[in-house]
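Just so you know, these numbers use all the heavy atoms, side chains as well, and skip hydrogens, waters and symmetry mates. Bear in mind that the values here come from a model prediction, so they are computed numbers and not experimental data.
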Amino acid sequence: MNLSEYIKQQGISVYSLSKKSRVPYTTLCSICNGTADMMECRVSTLVKIADSLSVNLLDLINASLSVPPKYNFISSEIIIDSSDLPKALKNTITELEEYDRNNDTMFYECADMLYMMADRFLKDGAIDSETREKLIMKYPIA
């Protein structure tokens with residue numbers, strides 16, 4: 001099982017793992033989307049990831065050696081009523097869906113922006129925490 005699968009199995013987002021492990025979000029995204037090799041990470045980073053996921057470090061390392069990275073795009077299982085979302089979020093979702101249709105890796109950059117926007121709109125009271133979590137789970141980076 002690779003890092004993306006561990007994350008998915010535990011029902012968390014890359015963003016949540018980043019906060020819990022204190023490993024930079026961009027580092028985790030790069031590992032999950034295949035632009036960075038987990039084997040090039042510092043041991044201390046791998047320990048933080050394994051500990052935060054409550055998995056054996058050697059299992060995490062072995063999985064990364066044997067399984068190529070796997071892209072995870074939009075989750076069709078999660079339904080979001082977009083009628084009450086701020087216009088900026090609606091526009092970003094439209095972009096994400098187009099990147100998904102085109103199998104374009106710009107999806108990851110756009111999803112990253114969606115996460116930051118969702119945090120800002122949650123703080124401003126424009127969306128609730130349930131909607132924020134649904135957005136992050138529907139449009140996963142990993």
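- Between Glu98 and Asn102, some side-chain heavy-atom pair lies under the 4.5 Å cut-off.
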### Verdict with reasoning, Leu17 to Leu3, per side-chain contact (heavy atoms from CB on, under 4.5 Å)
CA-CA 11 Å; Leu17 178 59; Leu3 179 59; 4.2 Å; yes
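- Shown here for Val14 and Cys32, the closest heavy-atom pair between the two residues is CG2-SG, 4.3 Å.
- Although no hydrogens or angles enter the test, the distance criterion places no donor-acceptor pair under 3.5 Å between the side chain of Lys134 and the main chain of Ile80.
- Here the side chains of Ser21 and Asp51 are not in contact, with every heavy-atom distance at 4.5 Å or above.
- Within the 4.5 Å cutoff, no side-chain heavy atoms of Asp119 are placed close to those of Met116.
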### Task
Quick one: do Thr35 and Tyr108 satisfy side-chain contact (heavy atoms from CB on, under 4.5 Å)? Show the steps, please.
CA-CA 11 Å; Thr35 59; Tyr108 301 110; over 6 Å; no
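- Defined by atom type and a distance below 3.5 Å, a donor-acceptor pair is present between the side-chain atoms of Ser13 and Ser16.
- Nearest heavy-atom pair, Leu114 versus Leu135, reported as atom, atom and distance to 0.1 Å: CD2-O, 4.0 Å.
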### Message
Using side-chain contact (heavy atoms from CB on, under 4.5 Å), reason through Val23 and Ser18 one step at a time and then give a plain yes or no.
### Response
CA-CA 5 Å; Val23 172; Ser18 173; 5.7 Å; no
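- Taking a cutoff of 4.0 Å between a charged side-chain nitrogen and a carboxylate oxygen, Arg101 and Glu97 do not qualify as a salt bridge.
- Here the side chains of Asp81 and Thr131 are not in contact, with every heavy-atom distance at 4.5 Å or above.
- The backbone N or O of Leu58 lies less than 3.5 Å from a partner atom in the side chain of Asn62, making a donor-acceptor pair.
- Annotation for Leu96 and Ile74: closest pair O-CD1, 4.1 Å, computed over non-hydrogen atoms.
- Between the NZ atom in Lys48 and the NZ atom in Lys20 there is a gap of 14.5 Å [rounded to 0.5 Å].
- Ring-plane geometry between Tyr25 and Tyr15 is classed as perpendicular, the angle between the planes exceeding 60 degrees on a 0 to 90 degree scale with a lower cut at 30.
- No hydrogens or angles considered: nothing links the side chains of Thr94 and Asn91 as a donor-acceptor pair under 3.5 Å.
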Anything under 3.5 Å between a donor and an acceptor, one on a side chain of residues 37-45, the other on a protein residue two or more places apart or in another chain? List them.
from, atom 1, to, atom 2, distance (Å)
Asp37, OD1, Met39, N, 2.9

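- Summarising the geometry of Ile136 relative to Tyr115, their closest heavy-atom pair is O-OH, 3.3 Å, with the distance given to 0.1 Å.
- For the pair Arg132 and Ala118, the tightest heavy-atom approach, listed with the atom from each and the gap, is CG-CB, 3.9 Å.
- The shortest non-hydrogen separation linking Tyr139 to Ala111 is O-CB, 3.9 Å.
- To the nearest 0.5 Å, atoms CG (Leu28) and CD1 (Ile7) are separated by 6.0 Å.
- Distance alone, capped at 3.5 Å, is enough to place a donor-acceptor pair between the Gln10 side chain and the Leu53 backbone.
- Here the side chains of Leu85 and Ile93 are in contact, with some heavy-atom distance below 4.5 Å.
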